[in-house]
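Notes to accompany the following structure.
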2 protein chains.
Amino acid sequence: MTTKQRIVDQALKQFNTDGVEKITTRHIANELEISQGNLHYHFPNKEVIIEQLFADFIGELETLKRFPEYNMQDPNEVIGSMTDNFEIMLKYQFLFRDNEVVWRRVPKIKADVIQLFQSYKLRIMELIATYRQSGLIRNEISDIQLNYLADQFVFNISTWLVGSTYVGKIKNPHEFYAKTLFRLWLPYLKVEEMQKWEGILTKL
Amino acid sequence: MTTKQRIVDQALKQFNTDGVEKITTRHIANELEISQGNLHYHFPNKEVIIEQLFADFIGELETLKRFPEYNMQDPNEVIGSMTDNFEIMLKYQFLFRDNEVVWRRVPKIKADVIQLFQSYKLRIMELIATYRQSGLIRNEISDIQLNYLADQFVFNISTWLVGSTYVGKIKNPHEFYAKTLFRLWLPYLKVEEMQKWEGILTKL
DNA sequence: GTCTATACAGCGATAGAC
DNA sequence: GTCTATCGCTGTATAGAC
């Protein structure tokens with residue numbers, strides 16, 4: 001492994017555990033037992049390390065299957081899709097837990113993250129439309145409320161890493177919160193479908 | 001106004017706009033046109049200022065009417081109750097936007113905030129039980145799902161200030177998100193009730 | 001209570017030897 | 001590519017005069 005890669009890996013580790021504002025280039029260098037001078041040879045400053053980590057995050061997201069490749073009529077695949085996404089977010093959790101700190105240092109990341117979640121909303125709205133055409137969704141639910149449902153999905157996706165700290169430790173948080181996210185659907189489904197989906201959930 | 005109070009007010013202002021990790025005692029003193037030495041006479045360090053602000057936050061929360069004093073059968077009062085809470089959270093928003101940074105500096109605040117939101121969950125569960133007894137809630141909804149609804153309320157309350165930054169600027173965010181929170185109820189209500197409540201919402 | 005002055009530690013960044 | 005040495009800046013904290 002190259003020194004450059006070791007720096008990135010170690011930075012991620014320490015950002016996640018100790019916070020991006022506390023960890024300095026010195027801390028990272030010390031932990032790796034290399035000199036600061038060496039670290040600064042590879043990265044001129046902390047911002048560039050953060051940018052690299054964000055690029056890695058986006059890169060990993062793009063290795064995932066795309067929505068159309070999942071069979072979203074199958075609840076298990078829906079949960080699987082969410083779990084995959086959440087696992088990557090968990091790996092780069094400092095980007096979301098300390099989002100304000102990161103954004104103040106590297107404003108470009110804010111714009112990119114916002115755009116990312118907006119694209120999620122579009123995909124979820126398409127999914128809702130599909131479910132509706134398939135007759136899964138209750139007829140009494142208004143369009144406004146369905147748009148709200150999409151907002152709630154995005155809201156949960158974008159803030160679960162913050163909200164989870166209020167709840168406490170969980171073994172596999174990415175799996176747990178994927179299932180939690182899935183529960184958002186239930187009261188919007190027709191009764192038979194709701195009970196079927198809830199059955200799947202309790203068996204997992 | 002005493003110097004001590006002026007320091008607290010100015011600190012809150014700058015923490016909210018520029019971030020608690022960036023603002024130092026020097027910044028606050030400069031902005032107030034007093035010396036650092038003077039500031040340190042009143043507050044030994046930044047942590048104590050933060051603790052003071054948190055105490056003020058709790059103090060303001062306690063001036064609110066308590067749940068039983070609201071008529072929670074009246075949707076308008078439900079929204080009003082949420083709006084009141086959100087307004088105070090908005091005033092002290094750095095505590096929630098930069099929660100991790102604050103907690104790393106003053107760990108006690110983390111424990112207190114977690115406890116606060118847990119007490120919210122209990123109150124919401126009581127409210128759900130009341131609504132259920134009044135026959136407002138759909139019979140098909142399982143107990144697990146109702147517990148989940150309470151979790152969703154707490155989740156939304158604890159993270160709305162984070163989630164709102166992903167959405168964009170809004171004039172009166174505390175009002176807007178109180179209404180948003182209110183919409184969580186709708187798909188859990190019996191149809192006639194749901195339509196009544198949704199009607200109230202669109203009129204506001 | 002408020003000021004000036006100062007000490008001290010830690011961070012970011014660079015120069016220069018190997 | 002890696003090291004040591006060092007500089008300038010900023011943040012925290014204290015001493016002492018008024």
Using residues 3-10 of chain B as the side-chain source, report each donor-acceptor pair under 3.5 Å to any protein atom, sequence neighbours left out, with the distance given to one decimal.
residue : atom : partner : partner atom : Å
B:Gln5  : NE2  : B:Asp9  : OD1          : 2.9

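- Between A:Met1 atom CE and D:dG1 atom C1' there is a gap of 17 Å when expressed in whole angstrom units.
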So which protein N/O to nucleotides 13-18 of chain C N/O distances come out below 3.5 Å?
residue : atom : partner : partner atom : Å
C:dA13  : OP2  : A:Pro44 : O            : 3.1

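- A donor-acceptor pair under 3.5 Å is formed between the side chain of A:Ser142 and the backbone N or O of A:Gln145.
- Distances were taken from every side-chain heavy atom of A:His27 (C-beta onward) to each of C:dC3, C:dC11, D:dC3; the shortest belongs to C:dC11.
- The salt bridge (charged side-chain N to carboxylate O under 4.0 Å, His left out) contacts involving residues 27-45 of chain A comprise nothing, where partners must be two or more places apart or lie in separate chains.
- For residues 82-107 of chain A, the set of pairs meeting the salt bridge (charged side-chain N to carboxylate O under 4.0 Å, His left out) definition, not counting sequence neighbours, comprises A:Glu47-A:Arg105, A:Glu60-A:Lys91, A:Arg97-B:Glu100, A:Asp98-B:Arg104, A:Glu100-A:Arg104, A:Glu100-B:Arg97, A:Arg104-B:Glu21, A:Arg104-B:Asp98.
- Taking the centre of each ring, A:Tyr148 and A:Phe153 stay at or above the 6.0 Å mark.
- Neither OP1 nor OP2 of D:dT10 sits under 4.0 Å from any side-chain N or O of B:Thr24.
- Computed from coordinates, the A:Asn30 CG to D:dT4 P distance equals 11 Å when rounded to whole Å.
- Rounded to whole angstrom, the span from the NE2 atom of B:His42 across to the P atom of D:dA13 amounts to 16 Å.
- Judged as a side chain to side chain donor-acceptor pair (under 3.5 Å), the pairs with a partner in residues 160-172 of chain A (not counting sequence neighbours) are, in order, A:Tyr166-B:Asn99.
- A:Lys121 and A:Asn147 are linked by a side-chain donor-acceptor pair at a separation below 3.5 angstrom, with hydrogens and angles left out of the test.
- Going from atom CD1 of B:Ile23 over to atom P of D:dT10 covers 14 Å, rounded to whole Å.
- Rounded to a whole Å, the CD atom of B:Glu31 is 14 Å from the P atom of D:dG11.
- Atom CD in A:Glu33 sits about 17 Å away from atom C1' in D:dT4, given to the nearest Å.
- At the phosphate of D:dC3, OP1 or OP2 sits under 4.0 Å from a side-chain N or O atom of A:Asn38.
- Between the A:Glu51 side chain and the A:Val48 main chain, no donor and acceptor come within less than 3.5 Å of each other.
- Counted by atom type alone, B:Tyr92 and B:Asn16 present zero donor-acceptor pairs between their side chains at under 3.5 Å.
- Nucleotide C:dG1 holds its C1' atom 15 Å from the CG atom of B:Leu32, rounded to whole Å.
- Where the helix from C:dG1-D:dC18 to C:dC18-D:dG1 starts and where it ends, the local axes point in directions that differ by 10°; five pairs per end, rounded to 10°.
- Rounded to an integer number of Å, the gap from CZ of A:Arg105 to C1' of C:dG12 is 10 Å.
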